[in-house]
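Structure first, commentary second.
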Amino acid sequence: MKKIIANELREKYLEFFASKNHKIIPSSSIIPENDPTVLFTTAGMHPLVPYLLGEAHPAGKRLCDYQKCIRTSDIDEVGDNSHLTFFEMLGNWSLGDYFKEDAIKYSYEFLTSEKYLGIDIDRLYFTVFKGDEDFPKDTESYNIWKSLGVEDDHLFYLPRENNFWILGSGIGPCGPDTEMFYDTGKPKCSDDCNPACDCGKYLEIWNDVFMEYYKDENGNLSKLKQQNVDTGMGLERTITVLNGYESVYDSTLFKGVKEKLEELANMKYEDNKKSFRIIMDHIRTSTFILGDDHGITPSNIGAGYVLRRLIRRSIRHLRKLNIESFVLNDLANIYIEEYKSVYEELIRNKEFIFTEMEKEYNKFVKTIKDGERLFYRVIKHLDKDTISGSDAFKLFDTFGFPIEMTEELAKENNLKVDIEGFNQCFKEHQEKSRTIDAGSFKGGLADTSIESTKYHTLAHLLLATLQEIYGKDIIQKGCNITHERIRFDFNLDHKLSDEEKVKIENRVNEMIKTNTPVIWKEMSYEDAKKSGAHGTFDSKYKDLVKVYTIGNLSKEICGGPHVENTGVLGHFKIVKEESSGAGVRRIKGILE
Ligand code: SER
């Protein structure tokens, strides 16, 4: 088989399916539009779920696409030969149009035809669903492969764990699949060696899912309105397999960044694979997250937190390669150039990518510097060769200093770190903050006198104001109320300037002056979420909840009590603003 690079594979795939009357649709966002249960688009079919369920797609019933995906569950595995946090999925789709026969014929033609991949049929193996108590054996697919000339010894029936596809959440459209494998030519590991074996002889390159079922959150199965085909070919993986690469990082997609790193570090990739791979992977993923039109920025929650972790981990590994200067944008730019013809948004958002990379770098460098200073203060008073778990935890919790950095510095100073003790502190802290949550669930109210009730309503206006100013990512991290003040914690990455404080005060006071009635309604938690209500401590709420609405200013799931009208609150003033842990700010405010 001839060598093929990623861009060619993407192009050929789309060209082939376009020739079979499929409309090419561009990748959807990396942030799912309709699924609040996950942070990122994790599969090619993710954005197409409504259409698989029967909604009409504007481009028709035959589609083909390439989709940006992110999976971070295996982030700690990145550095080995195969794991990536970002990947592209190629797919062709029949939304109630063709089914098994055409899907399999198309797959066969694309894989074997000289015009496309031209893979020798002897190198290909196929698996089909064996059947179980819920779904019948897929003899139809088996026979279609056979009709194309595939021999029995290249065809395997396998059980549900191998040949059935559903999203990671276990909910949604699903169905049996047929999978295609490439024989690497390695010897069989045993007489029973087959495509289900993970010895590395057979590697999967494509998956045709026959989606005609739906699984709901209670595990109930039903038939979908229509029979769909959802196929998925992982771009990086397929390139690696077909070219016989040792790892996904041998693809030309990574060549530019790999060479730049070798130049900057004056070290060879071959001698530092793990750090190189982590940097190559994480910077690519970060570039795509920042380059998406959603404007996600590094933060301490949700997608922003993943982004922060990716960037900071890259910086740590750059430091391991002795690269301490700011090079993130040089690396990001190489990816932008590599991908810009396919993902135009990277050009549109280039300045945003660069600005945010730099901001995060500066923040992290400051964290590292402060942490290092504190680290040396801690070890000055050490009377043994081990840094205690509680000291390591303090560096982490109060100053955001990563435990790995404490370990690194300790090593440089011939010291050890009590990691078990650190983990223990971490666990205790988590348990403690859960208690805090339960307290806050009650509203953080020390008493329900009219004065403290006013502060409780103020908390809603304050959260609404902060979300207006800093975005919907802002959440209430804690709230403590007495009859004379509020202490309100929320996630924000910087200290408030005087102007910002005034802006917040003014907006809250404006809201107060609208004299808006505060009303509440009881509803199911589901309906509350659907209505757009914020629930700060989501997982604590069950069944029926109260939703407090203040005109169009605020809507929150909350136990109450509240004042009847914002007008009674008086005048709000911030008396103090300070840090309350890494990435968390605390406002102390009064009503006058
Ligand atoms: N949904 C299947 C997968 O992701 C096929 O696209 O593998």
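Each ligand, and each atom within it, is numbered from 1 in the order the structure gives. Computed from heavy atoms alone, side chains included, the values below leave out hydrogens, waters and symmetry copies.
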For atom 2 (C) of ligand 1, what is the closest protein heavy atom, and at what distance to 0.1 Å? Trp165 CE2, 3.5 Å
Shortest protein contact, atom 1 (N) of ligand 1 (heavy atom only): Asp230 OD2, 2.9 Å
Is the contact between Thr231 and ligand 1 made by the side chain, the backbone, both, or neither, using heavy atoms and a 4.0 Å cut-off? backbone
Please list, in number order, the atoms of ligand 1 under 4.0 Å from a heavy atom of Gly232. 5 (C), 6 (O)
Check: Tyr249 ring centre within less than 6.0 Å of Phe276 ring centre: no
The atoms of ligand 1 lying under 4.0 Å from a heavy atom of Val209, numbered in the order shown, are 2 (C), 5 (C)
Is atom CG of Asp271 surrounded by more than 12 heavy atoms (other residues, nucleotides or ligands) closer than 6.0 Å? yes
Electrostatic pair Lys20-Asp102, nearest N-O below 4.0 angstrom: no
Apply side chain to side chain donor-acceptor pair (under 3.5 Å) to Arg123 and list each qualifying residue two or more places apart in sequence or on a separate chain. none
With the threshold set at under 4.0 angstrom, would you say Met89 reaches ligand 1 through any of its heavy atoms? yes
Could you list which atoms of ligand 1 come closer than 4.0 Å to a heavy atom of Met45? 1 (N)
Polar contact flag, side-chain donor to acceptor under 3.5 angstrom, Ser299-Asp473: no
Just by distance, no angles: are the side chains of Gln67 and His46 close enough, under 3.5 Å, to form a donor-acceptor pair? no
